Amino acid sequence: MQQRPTHLKLAALAFACAAPAAADHIEELVVTASHDTRVIDVTDAFSIAPDVTQLLKKAPGANVNSNGPITGIPQYRGMFGARVSTALDGMQLAPSGPNWMDPPLSYAVGGQLDSLELYRGIVPVSVAAEAIGGAVDARSSHGDFAGAGERRLEGRVIGSAATVNDAFNVNTALFAASDTQRLKLAAMAESGDDAEFPGGDVTPTEYERQRYDVGYGLRAGNHTLQLDYGYNDTGDSGTPALPMDIETIEGDLYRIGYTHDSDTQLRTQAALFASDLDHTMTNFELRSAPAPAMWRRNTASSDNLGFELVTQFAATQGSGWTFGVDGFSESHDSDIDNPNNPMFFVENFNDARREILGLFVERRQALGTDTRAEFGLRYNRVEMDADRVDATPARMMPPAQALRDAFNSADRERSDDNFDVTARAWMELSERSSLYIGAARRTRSPSYQERYLWLPLEATAGLADGNLYTGNIELDPEVSRQIEFGLDYSDQRLTLSPRVFYNNVKDYIQGTPSQDSAAVMLVRMMNSMNGTNNADPLQFNNVDAILYGFDMDWLLRLDEHWTLGGIVNYVRGQRDDSNDDLYRIAPPNTSLRITYQSARWGAELEGIAYAEQDDVSATNREQSSDGYALVNLLTTWQATDKLQFAAGVDNLFDKKYRPHLGGYNRAANPDIERGERLPAYGANVFARFMYNF
Ligand SMILES: [Cu+2]
């Protein structure tokens, strides 16, 4: 796709592939001058989880807010949700679920990805329109065109199974190619049962999902056209940290991409993409059902359409320009009903729309022989609107009626003009080391939930804090001012790339105690009617926030077989306008890996340690969490050139622990109290084979 600085393979992952490749990775490290992205080679990286998002934990600064087995939301340096941009082959996608049961990255298929790329720190304006907290790019394999006069047929079958939840996954892909055409056919099926933890089962954590992909590419001279279609079919899948579970997620994903490479170092790319996502969720199917009057089903959908048009030209060695225009439009419906009561309905979102149109220019510039810089400018126009709403409670209860009428009579149409500026520079100190410095102003307009959630509900893009929220049409865009410093060092044996960062976010959007008396009164009335004890609602408001910290990954090559490596992450998130801390921030954590790799055999012993998290958000009524340490074991055997086996144990000592980012239990469960932090899975023995042909 786009021309990017030299990549650093996440070398610590290289153990899982054959030894010669591992050696390549080390060489790549030696020649790498900039370390501003982390490419996780998904074929080599190993995670038995059905959720691709879990792989991000292999990169410094990244973590996962997990609301269910296939519902992981990327966190990067303390930011998550819409603050971290996700692209699937350059395609944006707005989840159908107002609670992000289907985060964008959940549409990436593990066994069919070439790579998962995480931008480290400041995100270039050419990479994402709104990315105040980071960007993730998932790239799927399309297969390669064959050489002149050649024809090629290749494929891959991957199968895996795990004991902790009786999970299986089968993933097949077939690639056929001539020198001008290529075709990809792929299918994936997976399922798992409720997972065990030391002390019982985490219910509901069952899941089932199927996915089908077709891709066709045509090449003529310097022109390449690529058509892709994907069909996602998720069935009953638990999200114990949320008030409901997934019944279905059905999605059609379309993309047309065109690339032209001219001989004069000019490259033009155009893409048009769309997705139709439909989703149903309930609070009575996978978890023990409440009283019949409290059954709820939510039927939600999103329609997404976007494009990009980018031209790059390389002027001289190391210098060049990128110009682009891009746009994305999303529209959302969400309707709640009760199958036991045909009278009951809530129009949660009625055609809530958000459109963004952006223009950008980026300049890469060599400054002398050992310094290079990159400057970016972007303008985004965001337009939002939502249609009138209604609900049974608004016909029966005066405070709900007041909320509805206020929403319906308000001018809901909003537009924001946002400007982004980035500047980054790398200076080589020696052959082995370089300094990095970056500064940026990045912006994000509110999401449709943050602006248009009119009735106090938990439809919050997966915050999973248990609070009821209302939106705020008057919200201002967030403006992040970031600086970061870093050092990249690599010699024959040691590679290190520490970064420190400071991110000051003006108008950070955060739930604060609602000043809307109708919202507060409604929640109290509902409590006395239903015998619940929901806290007073929060409202999305602009506050100020600061996030700062440090992260690094490192690798030490002991000899030709043995490698040591690890990651260190520290992030602190605070309100700048009050004494409170930010919600759901990853605790300080570190990992240490000892890896052995020979021509056919590989093994890795991994230790992971998380500190307690006491810096919690009082506003979000967040509970602190304890620290823990874990050990994972993995072995691989390259049986033949084409056949690889892997097996291992996650959580080798069956440790009982509760990750800070895992949320609280929301479903009645004999083994876990409601409102208790969800325990993570117990010891998990797994095996995988991968056959390439
Ligand atoms: Cu949902």
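Values below: all heavy atoms of this structure, side chains included; hydrogens, waters and symmetry mates excluded. Keep in mind the model is a prediction, meaning the values are calculated, not measured. Note that ligands are numbered from 1 as they come in the structure, with each ligand's atoms numbered from 1 the same way.
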- Note on the structure: Here the gap from Q623 atom CD to D465 atom CG, rounded to the nearest 0.5 Å, amounts to 11.0 Å
[X]: ring-ring contact (aromatic ring centres under 6.0 Å, His included) partners, not counting sequence neighbours:
{"X": "F168", "value": "none"}
{"X": "Y254", "value": "Y229"}
{"X": "Y681", "value": "none"}

- Message: Pairing donors with acceptors under 3.5 angstrom, does anything connect the side chains of Q510 and N620?
- Response: yes
- Task: Count, excluding waters, the protein N, O or S atoms that are closer to the Cu ion (ligand 1) than 2.8 Å.
- Result: 3
- Query: Should the ring pair F407 and Y452 be called parallel, tilted or perpendicular, given that the plane angle runs from 0 to 90° and is split at 30 and 60?
  - Reply: perpendicular
